[in-house]
Amino acid sequence: MPNYYQPEVECASRDQIKAWQDERLVKQVKHVYDNVPYYRNLMEKKGVVPEDIRSTEDLNKLPFLTKDDLREAYPYGLLAVPLSDCVRIQSTSGTTGRRVVAFYTQHDLDLWDDCCARAIVAAGGTKDDVVHVCYGYGLFTGGPGLNGGSHKVGSLTLPMSSGNTDRQIQFMCDLGSTILCCTPSYAAYLAESIYERGLQDQIKLKAGIFGAEAWSEEMRQDIQNKLHIKAYDIYGLTEISGPGVSFECSAQGGMHVNEDHFIAEIIDPVTGEVLPDGEKGELVFTSITKQAFPLLRYRTRDICVLNREKCSCGRTHVRMSKPMGRSDDMLIVKGVNVFPSQIETVLLNKGYPANYQIIVTRENNSDKLEVLVEMTPEMFSDELSKITVREKELNGALKAMLGIYAVVKLVTPKSITRSEGKAVRVIDKRNLY
Ligand code: DLL
């Protein structure tokens, strides 16, 4: 039996989970109101006082927090404990605007490690595993989060960080890595590189814990087949702690949210109205156990569906779907909503690798959607006329999925730059914002 499975928490009854959430929410709201003037001000503007929040049913009385609030309050404005009680900061990978900085007490780090340990155990991890972490270390939460989780499970942890693919593969072979933790796009690149070096027989991986970016079911199948592993999704965001806010179990049917620490809601991204389970909308989190940086009703911008049906693994914590896009990353091309994940689904279904780039431009007030897609070496050896046929076929499939025309350009194998962290899929050259 794995030594970090917590059935008393992860398989608790819904009544028990609600009781924990009610009690912790009430305490947390008071903690935030008393210690974070920025949030107290937001509550006052909404006419809410801590006494109004008696259970999770009252959650919707609280104001939302957004990334803009975090930027405005940068760096210390949302800190809820004295700085001297904090032992760590992490920061988002965002490239625009001010970075978001999150603070942690030792208690916060412990609970974050617990969440990641649960994810590793759900992927079959035990103290006998060799956990190969090639998420970036440093300000990004991926490396430190999975590292902490792996220590809690008692696994041998390889703190590889990202990059240096040759060394990654060498250690994987020499030290017998059994669980790989990285972005799905880097996992696909590693798989490709392992085959190129003819080392597939020396790889002992059994599972992968992949997240930090969107990836389709088709990409999961591709990675699973190439690396002969079971690939598990893991989700999280710096603002709420990092990876491990939710994670997949062996059922691979959605990610269990660690509900003893986080309350998940789905809202209509336009009206802010709370939507019932099963409806698609923006995911909102309230962290009910964190001390230093406890966000209430934080709008993630990730578009998801929640599912509270019983899971075959026995866990009772609510499951969130893979994010289907972001309310802010969604492209609007010629007035039509386009999610990169839709394009990826079409490409992988048609046998293309997940190496593609979406480029949007605007000429004479008209949007142009271009999709660069790498061919496999076999496709590349086709005659030119066959490549043209392939491009036309992809045009048709993309039109059927998106409802608009996309220019497809098939490009030579390996010509799209590989990413060691989050892949850059979309280049929007329209300067809309
Ligand atoms: O990406 C934390 C993380 C590290 C998660 C390692 C999983 C593994 P940020 O850099 O703050 O944190 O980015 C958070 O990444 O709001 C989602 O849009 C996206 N994201 C994270 N996990 C997934 C996933 C880390 N499994 C933002 N599927 C989130 C799709 C994901 N998108």
Side-chain angles (χ1 to χ4, degrees), residues 116 119-126 128-136 142-143 146-147 149-150 153 155-235 243 247-253 255 322 344-345 347-349 351-356 374 376-378 413-414 416 418-423:
C116 288
I120 292 171
V121 170
T126 70
D128 298 323
D129 277 294
V130 179
V131 176
H132 188 112
V133 185
C134 40
Y135 286 114
L146 270 305
N147 195 95
S150 174
V153 177
S155 311
L156 177 64
T157 312
L158 308 191
M160 302 299 300
S161 197
S162 53
N164 201 339
T165 301
D166 277 323
R167 190 179 58 192
Q168 301 280 1
I169 297 174
Q170 188 191 341
F171 271 32
M172 223 176 262
C173 295
D174 295 351
L175 298 171
S177 308
T178 53
I179 300 185
L180 175 65
C181 305
C182 59
T183 55
S185 49
Y186 192 54
Y189 179 51
L190 277 172
E192 202 174 273
S193 308
I194 288 167
Y195 273 83
E196 271 171 17
R197 291 161 178 72
L199 291 173
Q200 56 275 27
D201 294 339
Q202 294 188 41
I203 299 294
K204 301 199 178 57
L205 291 176
K206 63 175 190 188
I209 304 179
F210 306 135
E213 66 183 6
W215 54 311
S216 59
E217 276 307 320
E218 290 77 10
M219 188 160 172
R220 187 211 300 269
Q221 290 309 327
D222 192 46
I223 297 174
Q224 291 194 148
N225 293 341
K226 286 201 178 121
L227 288 175
H228 304 293
I229 58 169
K230 194 155 176 172
Y232 296 82
D233 204 348
I234 183 166
Y235 169 90
F247 60 85
E248 248 179 7
C249 61
S250 55
Q252 293 179 317
M255 293 177 270
K322 273 180 178 299
E344 181 172 306
T345 297
L347 299 182
L348 277 95
N349 271 334
Y352 291 87
N355 299 317
Y356 62 92
E374 253 185 34
T376 60
E378 300 76 54
K414 301 223 168 257
I416 294 180
R418 300 294 190 270
S419 158
E420 289 159 356
K422 300 191 191 219

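Keep in mind that this is a model prediction, so the values were computed, not measured.
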Give, for atom [atom1] of [X] and atom [atom2] of [Y], the distance between the pair rounded to the nearest 0.5 Å.
X: Tyr195; Y: Lys226; atom1: OH; atom2: NZ; answer: 8.5 Å
X: Ile179; Y: Ser150; atom1: CD1; atom2: OG; answer: 8.0 Å
X: Arg220; Y: Leu348; atom1: CZ; atom2: CG; answer: 13.0 Å
X: Met160; Y: Leu175; atom1: CE; atom2: CG; answer: 8.0 Å
X: His132; Y: Ser177; atom1: NE2; atom2: OG; answer: 5.0 Å
X: Cys116; Y: Asn147; atom1: SG; atom2: CG; answer: 10.0 Å

Which atom names give the shortest non-hydrogen contact between [X] and [Y], and what distance separates them?
X: Ile416; Y: Asn355; answer: CD1-O, 3.7 Å
X: Ile209; Y: Tyr135; answer: O-OH, 2.9 Å
X: Gly211; Y: Pro184; answer: O-CD, 3.4 Å

**Item:** Any pair counted as side-chain hydrogen bond (donor to acceptor under 3.5 Å, both in side chains), so long as it reaches residues 199-208, sequence neighbours left out
**Value:** Asp129-Lys206
Is there a side-chain contact between [X] and [Y] (heavy atoms, below 4.5 Å)?
X: Leu205; Y: Thr178; answer: no
X: Ile194; Y: Ile203; answer: yes
X: Cys134; Y: Tyr186; answer: yes
X: Ile169; Y: Ser193; answer: yes
X: Val130; Y: Leu158; answer: yes
X: Gln224; Y: Gln221; answer: yes
X: Ile120; Y: Phe247; answer: no

**Request:** Quick one: do Tyr232 and Ser250 satisfy side-chain hydrogen bond (donor to acceptor under 3.5 Å, both in side chains)? Show the steps, please.
**Result:** CA-CA 8 Å; Tyr232 296 82; Ser250 55; 5.7 Å; no
**Item:** Candidates Pro159, Cys181, Cys182 - the one meeting side chain to side chain contact (heavy atoms under 4.5 Å, CB included) with Leu146
**Value:** Cys181
**Fill in**
Per side chain to side chain contact (heavy atoms under 4.5 Å, CB included), Phe210 is matched among Ile223, Ile234, Asp233 by Ile223
**Asked** Do Glu374 and Tyr356 have side-chain N/O donor and acceptor atoms under 3.5 Å apart?
**Response** no
**Asked** Does a donor on one side chain and an acceptor on the other come within less than 3.5 Å for Tyr189 and Ser419?
**Response** no
**Request:** Under the salt bridge (Lys or Arg N to Asp or Glu O under 4.0 Å) rule, what do Glu248 and Lys230 come out as? Steps first, then yes or no, please.
**Result:** CA-CA 11 Å; Glu248 248 179 7; Lys230 194 155 176 172; over 6 Å; no
**Message:** Evaluate Leu190 against Leu180 for side chain to side chain contact (heavy atoms under 4.5 Å, CB included), listing each step before the verdict.
**Reply:** CA-CA 10 Å; Leu190 277 172; Leu180 175 65; 4.1 Å; yes
**Item:** Glu218 and Leu347: CA distance, side-chain angles, deciding distance, side chain to side chain contact (heavy atoms under 4.5 Å, CB included) verdict
**Value:** CA-CA 9 Å; Glu218 290 77 10; Leu347 299 182; over 6 Å; no
Counting N and O atoms only, with roles assigned by atom type, does the side chain of [X] sit under 3.5 Å from a partner on the main chain of [Y], one being a donor and the other an acceptor?
X: Glu213; Y: Ser185; result: yes
X: Glu420; Y: Ser162; result: no
X: Ser161; Y: Gly136; result: no
X: Ser216; Y: Glu344; result: no
X: Lys422; Y: Ala212; result: yes

**Item:** SB check Glu192 Arg418 (cutoff 4.0 Å)
**Value:** yes
